[in-house]
Q: 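The structure that follows is given in the form of structure tokens.
This is a predicted model, so every value here is computed, not measured. Just so it is clear, the values below take in all heavy atoms, side chains as well, and ignore hydrogens, waters and symmetry mates.
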Amino acid sequence: MNIQQVVTGPVQENCYLLWQNNELLVVDPGADAKKISAAIKKTAATPLAIILTHTHYDHIGAVDAIRDEYQIPVYVSSDEQEWLQSPPKNLSGRHPELGPITARNAEHEFALNDTLTIGSFSFEVVPTPGHSIGSVSFIFDSFVVCGDALFKGSIGRTDLYTGNLEQLLNSIQTQLFTLPDSFDAYPGHGEPTTIGHEKATNPFFN
């Protein structure tokens, strides 16, 4: 499987393109829809869906543009479905310089702790709340896309709406640090890391 990081928006959010067998998934199209679409076209793969780790404004700003261009559905946690249309909850209301950022309701809500199959992709969707109540991570065969739960050398903020430090630390320990050390971890901001590296060096756990 191929994975490409596309950095978007003023806070440098990581959108990811995953593709195999001429099929593609879009993870967290946060902003810069034209940039994301240009990257999609270079893969020559057909987009099948948008999957969201969570619905903070910097992860959803290009959802409707990409969804409409490729006529594909969106998947989200049921805990954050309504956040898509709520600037106070998706935090764009805190940034009037950006204007309110919203997206239409997602077509599908994840079944957590279950394997989701979309085209040729099969992956597990696990709850990793703490940064936000509906945060999820996507576990593939050799890597995890972990949104804003775990970063290289850090963890997600817990001082925002529905954030909870104890819950986030537990999410990481029970859902992410139980993965093999060799697993690559692709966060919502910054550089990729590995599970083993974070277990050994992340200051929140050492």
Q: Under 4.5 Å side-chain heavy-atom separation, chaining through any Ile, Leu, Val, Met, Phe, Trp or Tyr, what else clusters with Phe177? Say none if it is isolated.
A: Val126, Ile139, Val144, Leu150, Ile155, Leu165, Leu168, Leu169, Ile172, Leu176, Leu179, Phe183, Ile195, Phe204, Phe205

Q: When rounded to the nearest 0.5 angstrom, what is the spacing between OG in Ser182 and NE2 in His197?
A: 15.0 Å

Q: Would you tabulate the side-chain donor-acceptor contacts of residues 115-125 under 3.5 Å, counting partners in other chains and residues two or more places apart, or write 'none'?
A:
{"from": "Thr117", "atom 1": "OG1", "to": "Ser122", "atom 2": "OG", "distance (Å)": "3.0"}
{"from": "Ser120", "atom 1": "OG", "to": "Gln20", "atom 2": "NE2", "distance (Å)": "3.4"}
{"from": "Ser120", "atom 1": "OG", "to": "Glu23", "atom 2": "OE1", "distance (Å)": "2.8"}

Q: So, do Thr162 and Lys89 sit near enough that their side-chain heavy atoms are less than 4.5 Å apart?
A: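 Side chain of Thr162 against side chain of Lys89, heavy atoms only: no contact under 4.5 Å found.
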
Q: Over all heavy atoms of both residues, which pair between Ser78 and Glu109 is shortest? Give the atoms and the distance, please.
A: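 Of all heavy-atom pairs spanning Ser78 and Glu109, the closest is CB-OE1, 3.0 Å.
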
Q: A quick test of your reading: do over 12 heavy atoms of other residues, nucleotides or ligands sit less than 6.0 Å from CD of Gln12?
A: yes

Q: Find out if a path of hydrophobic residues (ILVMFWY) with successive side-chain heavy-atom gaps under 4.5 Å connects Leu112 to Tyr75.
A: yes

Q: Does CD in Gln71 sit with more than 12 non-hydrogen atoms of other residues, nucleotides or ligands closer than 6.0 Å?
A: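 Count over threshold, so yes.
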
Q: Taking Thr55's backbone N and O only, do any of them form a donor-acceptor pair with Asn90's side chain (distance below 3.5 Å, no angle check)?
A: no

Q: Within this structure, what is the CG-OH distance for the pair Leu25 and Tyr16, rounded to the nearest 0.5 Å?
A: 14.5 Å

Q: Once the angle between the rings of His56 and His54 is folded into 0 to 90°, is it parallel (under 30°), tilted (30 to 60°) or perpendicular (over 60°)?
A: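 Geometry flag for His54 against His56: perpendicular rings.
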
Q: Is the closest side-chain donor-acceptor distance between Ser137 and Gln175 under 3.5 Å?
A: no

Q: Could you pull out the closest heavy-atom pair between Phe143 and Met1, with the gap in Å?
A: CZ-SD, 3.6 Å

Q: Any donor-acceptor pair under 3.5 Å linking the side chain of Gln5 with the backbone of Pro187?
A: no

Q: With rounding to the nearest 0.5 Å, note down the distance linking CD in Gln173 to OG1 in Thr178.
A: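 The OG1 atom of Thr178 is 10.5 Å from CD of Gln173, to the nearest 0.5 Å.
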
Q: Calculate, to the nearest 0.5 Å, the distance between atoms OG and NE2 belonging to Ser171 and His131 respectively.
A: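 So the gap between those two atoms works out to 12.0 Å.
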
Q: Give every residue pair that meets the salt bridge (charged side-chain N to carboxylate O under 4.0 Å, His left out) criterion with at least one member in residues 196-206, sequence neighbours excluded.
A: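 Qualifying pairs, neighbours excluded: Asp181-Lys199.
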
Q: The criterion is salt bridge (Lys or Arg N to Asp or Glu O under 4.0 Å); which residues satisfy it with Glu107, sequence neighbours excluded?
A: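 Glu107: salt bridge (Lys or Arg N to Asp or Glu O under 4.0 Å) contacts with Arg67.
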
Q: Identify the two heavy atoms, one from Ser132 and one from Glu80, that lie closest to each other, and give their separation to 0.1 Å.
A: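 Closest approach of Ser132 to Glu80: OG-OE2, 2.6 Å.
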
Q: Sequence neighbours excluded, which residues qualify as side-chain contact (heavy atoms from CB on, under 4.5 Å) partners of Lys41?
A: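 Partners of Lys41 under the side-chain contact (heavy atoms from CB on, under 4.5 Å) test: Ser37, Glu69, Tyr70.
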
Q: Set out, in order, the CA-CA distance, both residues' side-chain angles and the distance that settles side chain to side chain contact (heavy atoms under 4.5 Å, CB included) for Phe138 and Tyr186, then state yes or no.
A: CA-CA 10 Å; Phe138 308 125; Tyr186 292 95; over 6 Å; no

Q: How would you list, by chain and number, every residue that makes a side-chain contact (heavy atoms from CB on, under 4.5 Å) with Ala39, sequence neighbours excluded?
A: Gln4, Val6, Leu17

Q: Do Pro10 and Leu98 have side chains that approach each other closer than 4.5 Å (heavy atoms only, starting at C-beta)?
A: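 With C-beta onward as the side chain, the pair touches.
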
Q: What do the steps show when you test Asp148 against Arg157 for side chain to side chain contact (heavy atoms under 4.5 Å, CB included), and what is the final call?
A: CA-CA 8 Å; Asp148 288 1; Arg157 289 179 62 174; over 6 Å; no

Q: Of all residues at least two apart in sequence or in a different chain, which pass the salt bridge (Lys or Arg N to Asp or Glu O under 4.0 Å) check with Asp184?
A: none

Q: Which side-chain N or O atoms in residues 26-36 pair as donor and acceptor under 3.5 Å with protein atoms at least two apart or in another chain?
A:
{"from": "Asp28", "atom 1": "OD1", "to": "Thr53", "atom 2": "N", "distance (Å)": "2.8"}
{"from": "Asp28", "atom 1": "OD2", "to": "Thr53", "atom 2": "OG1", "distance (Å)": "2.6"}
{"from": "Asp28", "atom 1": "OD2", "to": "His59", "atom 2": "ND1", "distance (Å)": "2.9"}
{"from": "Asp32", "atom 1": "OD2", "to": "Gly9", "atom 2": "N", "distance (Å)": "2.9"}
{"from": "Lys35", "atom 1": "NZ", "to": "Val7", "atom 2": "O", "distance (Å)": "2.6"}

Q: Suppose the criterion is ring pair (Phe, Tyr, Trp, His ring centres under 6.0 Å): which pairs have a residue in residues 81-105, not counting sequence neighbours?
A: Tyr57-His95, Trp83-Tyr161

Q: Could you pull out all residues at least two apart from Ser77 that satisfy side-chain contact (heavy atoms from CB on, under 4.5 Å)?
A: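 Result, side-chain contact (heavy atoms from CB on, under 4.5 Å) vs Ser77: Asp79, Val136.
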
Q: So if you build clusters from Ile, Leu, Val, Met, Phe, Trp, Tyr with side-chain heavy-atom gaps below 4.5 Å, do Leu52 and Trp19 land together?
A: yes

Q: Nearest 0.5 Å, what's the CG-CG distance between Leu18 and Leu24?
A: 7.0 Å

Q: Indicate, with yes or no, if Leu91 and Ile101 share a hydrophobic cluster defined by side-chain heavy-atom contacts under 4.5 Å among Ile, Leu, Val, Met, Phe, Trp and Tyr.
A: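 Looking at the clustering, Leu91 is in the same group as Ile101.
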
Q: If you round to the nearest 0.5 Å, how far is NE2 of His108 from CD of Gln81?
A: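 Going from the CD atom of Gln81 to the NE2 atom of His108 covers 11.0 Å.
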
Q: Please determine whether residues Ile72 and Val74 belong to a single hydrophobic cluster, defined as Ile, Leu, Val, Met, Phe, Trp and Tyr linked transitively by side-chain heavy-atom distances below 4.5 Å.
A: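 Yes, because Ile72 and Val74 connect within a single hydrophobic cluster, where side-chain heavy atoms sit under 4.5 Å apart.
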
Q: Which residue pairs pass the salt bridge (charged side-chain N to carboxylate O under 4.0 Å, His left out) test when at least one of the two sits in residues 135-145, sequence neighbours left out?
A: none

Q: Any non-hydrogen side-chain atom of Asn113 less than 4.5 Å from a side-chain atom of Pro127?
A: yes

Q: If two hydrophobic side chains count as joined below 4.5 Å and joins carry through other members, does Val145 share a cluster with Ile40?
A: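 Result: no, two separate clusters.
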
Q: Listed by chain and number, what are the salt bridge (Lys or Arg N to Asp or Glu O under 4.0 Å) partners of Arg104, not counting sequence neighbours?
A: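 Asp64, Asp68.
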
Q: Where is the tightest heavy-atom contact between Ala106 and Val76, given as atom of each residue plus distance?
A: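 So the two residues come closest at CB-CG1, 3.4 Å.
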
